[in-house]
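Let me begin by presenting the structure, written as structure tokens, before commenting on it.
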Amino acid sequence: MTGKLIDGIAIGKEIREEIKEGVRKLSEKGCQPGLAVILVGDNPASHTYVKNKQKSSVEVGMKSELIQLPTTVSEEELLSHVEQLNEDDSIHGILVQLPLPDHIDENLVIRAIAPEKDVDGFHPENVGKMIIGQQSFLSCTPYGIIKLLERSGVEIRGKHAVIVGRSNIVGKPMGQLLLQRDATVTYCHSKTVNLSNYTKQADILIVAIGRTKFITDEFVKEGAIVIDVGMNRDENGKLCGDVDFESAKEKASAITPVPGGVGPMTITMLLKNTLQSAEQAFADGRCPQ
Ligand code: GUN
């Protein structure tokens, strides 16, 4: 079998058009959604991610604010920026780009973001609500993967989903979102013994381990759906995932490429969360200002 391509660029574009329409309608009522990004230091990857987030938010008609701080910024000063944004009624989404320098406590900064503006879905209040199935902001990458599956016509209910990777940002919330949609979920990680025993049982295989082309056809069941969250460079400097695409696609019934799979969906869901936050602010009378 040669797997069908799950096209994150096309699906992302479709959703961004819907978001753009939502932003237009809300802006007409005097409430333009606003996203603020705090970027600390000069990590080149973080700069690229932030530039893309800003560009995409402007493209859908949002207000975009960037606060750039030096690596030497104190925790106190960073927290005071977060607090100012919490109070700013023109800002509906606050994102602090990670990682932060070692002298800053990431958890403290995440907890300082007002939960109703935490469009990354990293605040413990949002994580807790997500786990018990209450309305909250969902972590953008797993949320984007759910949308990819849904819009590709993949049935989740009753399927065995195997997740390789247990990060707080991707693996853990991914499992919860699939569980809520009635999948049977298995988590695997770096200490799992005989990984392929598990991955070969997956109807839906989600890989987020940060190891270049690690998952080959030997790890994949015939007909499985394969979702690759990896973002690595191969020996020639070319972007590639955690899945060996050429090999795995021979077994998969559908598979995401890298680039052009999960990546475009992450920013799309950030925009969706920001719109949702602005709509809530409008309903609560906190917008327009
Ligand atoms: N660094 C890498 N991915 C992310 C993300 O999704 N959000 C934030 N804030 N930082 C990141």
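Small disclaimer: the values here were computed from a predicted structure and weren't measured. Every number for a ligand or one of its atoms is a count from 1 in the order of the listing.
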(request) Using a strict cut-off of less than 4.0 Å between a Lys/Arg side-chain nitrogen and an Asp/Glu carboxylate oxygen, indicate whether Glu59 and Lys55 qualify as a salt bridge. (result) yes

(request) Flag the pair Lys129 and Glu125 as a salt bridge only when some basic side-chain nitrogen lies within less than 4.0 angstrom of an acidic carboxylate oxygen. (result) yes

Tabulated below should be the N or O atoms of ligand 1 paired with protein N or O atoms at under 3.5 Å; can you produce that?
unit_1: ligand 1; atom_1: 1 (N); unit_2: Gln97; atom_2: NE2; d: 3.2
unit_1: ligand 1; atom_1: 1 (N); unit_2: Leu98; atom_2: O; d: 2.9
unit_1: ligand 1; atom_1: 7 (N); unit_2: Asp120; atom_2: OD1; d: 3.3
unit_1: ligand 1; atom_1: 7 (N); unit_2: Asp120; atom_2: OD2; d: 3.2
unit_1: ligand 1; atom_1: 9 (N); unit_2: Val96; atom_2: O; d: 2.8
unit_1: ligand 1; atom_1: 9 (N); unit_2: Asp120; atom_2: OD2; d: 2.6
unit_1: ligand 1; atom_1: 10 (N); unit_2: Leu98; atom_2: N; d: 3.0

(message) Is it the case that atom CD in Glu87 sees more than 12 heavy atoms from other parts of the structure closer than 6.0 Å?
(response) no

(request) Check for a donor-acceptor pair, side chain of Asp120 on one end and backbone N or O of Phe122 on the other, with a separation under 3.5 Å. (result) no

(request) Answer yes or no: is there an ion pair linking Lys213 with Asp242, defined by an N-O contact shorter than 4.0 Å? (result) no

(message) Salt bridge check, Glu18 against Arg151: does any charged N sit closer than 4.0 Å to a carboxylate O?
(response) yes

